[in-house]
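As structure tokens, the structure follows; a few thoughts come after it.
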Amino acid sequence: MRYGADPQALLDWYDTHARDLPWRVSPRDRAAGERPNPYRVWLSEVMLQQTTVAAVRGYFERFTKLWPTVGDLAAAEDAKVMGEWAGLGYYARARNLLKCARVVVAEHGGRFPETRAGLRALPGIGPYTAAAIAAIAYDQPEVVVDGNVERVMARLHDIRTPLPMAKPELTAAAAALTPRRRPGDYAQAVMDLGATICTPKSPACGVCPWMGACAARMAGTASELPKKTAKAAKPVRLGYAYVAQRADGALLLERRPDRGLLGGMLGWPGSDWSVAPEPAPPVAAEWRMLEAEARHTFTHFHLRLRVCVADVGARVQPCRGEFRPRQEFRPSELPTVMRKVFDLAQGALENGC
DNA sequence: AAAACGTGGGC
DNA sequence: TGCCCAAGTTT
């Protein structure tokens with residue numbers, strides 16, 4: 001009979017191996033009484049949804065420098081926030097981020113709710129994020145279940161049922177381990193364990209604080225867990241994108257509608273994206289279609305965009321989009337697929353070919 | 001409740 | 001190159 005995993009053993013490991021992250025209070029400082037800033041915890045948790053720490057760092061630094069408090073963020077212009085989020089993906093997060101900030105200011109006096117249920121009611125905060133904020137910011141013993149926790153629990157108990165079917169079992173396993181003491185540090189400790197030792201591919205079982213309790217290590221199945229049901233193949237969609245430039249350098253840009261793919265983001269006017277799209281130039285001009293196409297893969301399809309460029313007159317009236325002075329445009333405001341289009345178009349517009 | 005929703009890095 | 005993966009939420 002082996003011993004079960006001990007939360008305290010993980011907390012001991014965390015005390016010496018915690019990652020140093022800009023939104024985190026170190027276990028040492030936490031023990032000395034320092035509290036995490038709920039605004040920073042919330043912002044980091046939303047940014048980290050389905051997104052790596054490496055990708056988030058820079059965005060977190062820029063956001064907190066521009067908007068140090070939830071009140072600052074709530075007062076920001078939508079376009080500015082969407083532009084700062086560009087490149088991070090899942091843009092509904094940014095739209096909900098603003099909604100949430102404004103609700104917190106308007107209905108909660110600028111302070112985040114301190115309970116899981118109160119947090120869960122806010123835009124963009126689901127079961128995971130509500131529990132994570134309650135645990136990390138307010139040290140409440142909530143059961144935090146994210147992808148890391150699922151992987152660690154699946155291995156600890158050698159659970160071979162594929163996700164998402166295994167979810168209830170994994171949640172129960174996580175609940176059984178969540179401690180009453182230091183639940184905030186514990187939640188972060190499991191995530192650090194998942195990110196640095198109990199990794200998806202080649203877990204470093206030899207240095208794991210829970211190796212003695214791990215059923216998958218015993219069975220030799222760790223690197224194969226958790227099992228996941230196979231995903232559907234991605235279809236290919238095609239489309240046209242149009243980059244119009246005036247002699248003064250102004251570019252024709254379009255704000256996308258507030259819902260759906262890339263909702264609320266800046267982009268180039270274009271056709272729909274489908275199997276057989278119709279060309280849809282936003283203004284009459286001598287369009288030149290580039291040899292190269294912009295290729296991009298979204299969550300559920302591959303996209304190939306034909307890129308068309310044109311130099312247009314000073315007074316043309318586009319049927320879609322608005323001209324933006326070149327000085328007021330930064331490619332970093334664009335979602336990645338649109339930045340790829342711009343990179344291709346820029347070369348063509350410079351050569352005038 | 002299944003599907004929509006981004007992106008960059010690793011192998 | 002292509003597929004898998006990362007601190008999920010919404011409809």
Side-chain angles (χ1 to χ4, degrees), chain A residues 19 21-24 40-60 82 85-97 99-100 119-137 142-152 163-165 167 171 174 184 186-196 198-203 223-237 256-265 267 273 295-303 332 334-340:
Chain A
R19 286 177 295 172
L21 302 172
W23 47 84
R24 174 178 284 179
R40 293 167 67 88
V41 171
W42 162 71
L43 180 60
S44 68
E45 286 301 338
V46 173
M47 286 183 166
L48 286 162
Q49 289 167 2
Q50 297 288 285
T51 308
T52 58
V53 165
V56 165
R57 278 183 188 275
Y59 285 86
F60 182 84
M82 300 311 288
W85 195 277
L88 200 54
Y90 284 142
Y91 298 102
R93 292 185 295 172
R95 303 193 301 270
N96 286 328
L97 192 78
K99 283 186 198 164
C100 182
L119 290 159
R120 178 68 184 82
L122 294 169
I125 299 186
Y128 161 75
T129 305
I133 298 173
I136 296 169
E142 298 294 348
V143 181
V144 179
V145 183
D146 71 331
N148 287 302
V149 176
E150 289 177 347
R151 184 170 61 256
V152 171
L163 281 166
M165 208 194 323
K167 181 105 182 171
T171 300
Y186 173 79
Q188 298 175 90
V190 186
M191 293 192 237
D192 277 21
L193 186 73
T196 64
C198 197
T199 52
K201 286 163 191 169
S202 305
S223 62
E224 303 164 27
L225 298 177
K227 299 279 190 190
K228 295 188 179 178
T229 54
K231 293 162 191 163
K234 292 176 169 61
V236 176
R237 294 190 197 173
R256 299 174 65 87
D258 246 357
R259 37 185 31 219
L261 193 62
L262 310 182
M265 299 302 290
W273 297 345
R295 290 188 172 212
H296 192 75
T297 298
F298 291 99
T299 310
H300 54 295
F301 65 94
H302 301 288
L303 178 66
S332 65
L334 296 172
T336 300
V337 63
M338 298 295 176
R339 191 176 45 67
K340 287 182 181 177

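In what follows, every chain begins at residue 1, and chains take the letters A, B, ... in the order their sequences are listed.
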Practice task
Compare side-chain N and O positions of A/Arg339 against OP1 and OP2 of B/dG8 and report whether any pair is under 4.0 Å apart.
Solution key: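 So the side chain of A/Arg339 is within the cut-off, an N or O lying under 4.0 Å from OP1 or OP2 of B/dG8.
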
Exercise for the section: Give a yes/no on whether any side-chain N or O of A/His296 is located under 4.0 angstrom from OP1 or OP2 of B/dG6. Expected result: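 No.
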
[X], nearest nucleotide to its side chain (from [options]):
{"X": "A/His300", "options": "B/dG10, B/dG6, B/dC5", "result": "B/dC5"}
{"X": "A/Leu261", "options": "B/dC5, C/dT10, C/dC5", "result": "B/dC5"}
{"X": "A/Gln50", "options": "C/dT9, B/dG6, C/dC5", "result": "B/dG6"}
{"X": "A/Thr336", "options": "C/dT10, B/dG8, B/dG6", "result": "B/dG8"}
{"X": "A/Asp146", "options": "B/dT7, B/dG10, C/dG8", "result": "C/dG8"}
{"X": "A/Tyr91", "options": "B/dC5, B/dG8, B/dT7", "result": "B/dT7"}
{"X": "A/Thr129", "options": "C/dA6, C/dT9, B/dT7", "result": "C/dT9"}
{"X": "A/Tyr128", "options": "C/dC5, B/dG8, C/dT9", "result": "C/dT9"}

To the nearest angstrom, how far is [X] atom [atom1] from [N] atom [atom2]?
{"X": "A/Lys231", "N": "B/dA3", "atom1": "NZ", "atom2": "P", "result": "14 Å"}
{"X": "A/Lys228", "N": "C/dC5", "atom1": "NZ", "atom2": "C1'", "result": "7 Å"}
{"X": "A/His302", "N": "B/dC5", "atom1": "NE2", "atom2": "P", "result": "15 Å"}
{"X": "A/Tyr90", "N": "C/dC5", "atom1": "OH", "atom2": "P", "result": "13 Å"}
{"X": "A/Arg93", "N": "C/dG8", "atom1": "CZ", "atom2": "C1'", "result": "9 Å"}
{"X": "A/Leu43", "N": "C/dG8", "atom1": "CG", "atom2": "P", "result": "16 Å"}
{"X": "A/Arg295", "N": "C/dT1", "atom1": "CZ", "atom2": "C1'", "result": "10 Å"}
{"X": "A/Asp192", "N": "C/dA6", "atom1": "CG", "atom2": "C1'", "result": "14 Å"}

Problem - Modelled atom types, side-chain donor and acceptor of A/Glu45 and A/Tyr128, under 3.5 Å - result: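 There is such a pair between these side chains.
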
Practice task
Could you tell me whether the side chains of A/Gln49 and A/Arg93 share a donor-acceptor contact shorter than 3.5 Å?
Solution key: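 No, A/Arg93 and A/Gln49 have no side-chain donor paired with an acceptor closer than 3.5 Å.
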
Could you tell me whether [X] contacts a base, only the sugar-phosphate backbone, or nothing, with contacts defined as non-hydrogen atoms closer than 4.0 Å?
{"X": "A/Trp23", "answer": "base"}
{"X": "A/Arg95", "answer": "nothing"}
{"X": "A/Gly263", "answer": "nothing"}
{"X": "A/Leu303", "answer": "nothing"}
{"X": "A/Val53", "answer": "base"}
{"X": "A/Leu88", "answer": "base"}
{"X": "A/Arg259", "answer": "nothing"}

Exercise for the section: Select from A/Gly260 and A/Lys201 the residue whose nearest nucleotide in DNA chain B is closer to the 5' end of that strand. Expected result: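 It is A/Gly260, whose closest nucleotide lies nearer the 5' terminus.
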
Exercise for the section: Could you check whether the rings of A/His296 and A/Phe298 sit parallel, tilted or perpendicular, using 30° and 60° as the cut-offs? Expected result: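 Perpendicular.
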
Exercise for the section: Could you work out the separation of B/dG8 and C/dT9 based on their P atoms and round it to a whole Å? Expected result: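 Here B/dG8 and C/dT9 have their P atoms 22 Å from each other.
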
Problem - Residue mapping more 5' on DNA chain C - nearest nucleotide basis, A/Glu45 or A/Leu122 - result: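 That would be A/Glu45.
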
Practice task
Specify the residue among A/Ala130 and A/Pro226 whose closest nucleotide of DNA chain C lies further upstream toward the 5′ end.
Solution key: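 Final value for this comparison: A/Pro226.
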
Flag the pair [X] / [Y] as yes when at least one side-chain heavy-atom distance between them is below 4.5 Å, and no otherwise.
{"X": "A/Ser223", "Y": "A/Ser202", "result": "no"}
{"X": "A/Leu97", "Y": "A/Leu43", "result": "yes"}
{"X": "A/Trp23", "Y": "A/Ile136", "result": "no"}

Exercise for the section: Using modelled atom types only, decide if a donor and an acceptor are shared between the side chain of A/Arg40 and the backbone of A/Pro22 within a distance under 3.5 Å. Expected result: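 Checking the backbone N and O of A/Pro22 against the side chain of A/Arg40, a donor-acceptor pair under 3.5 Å is found.
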
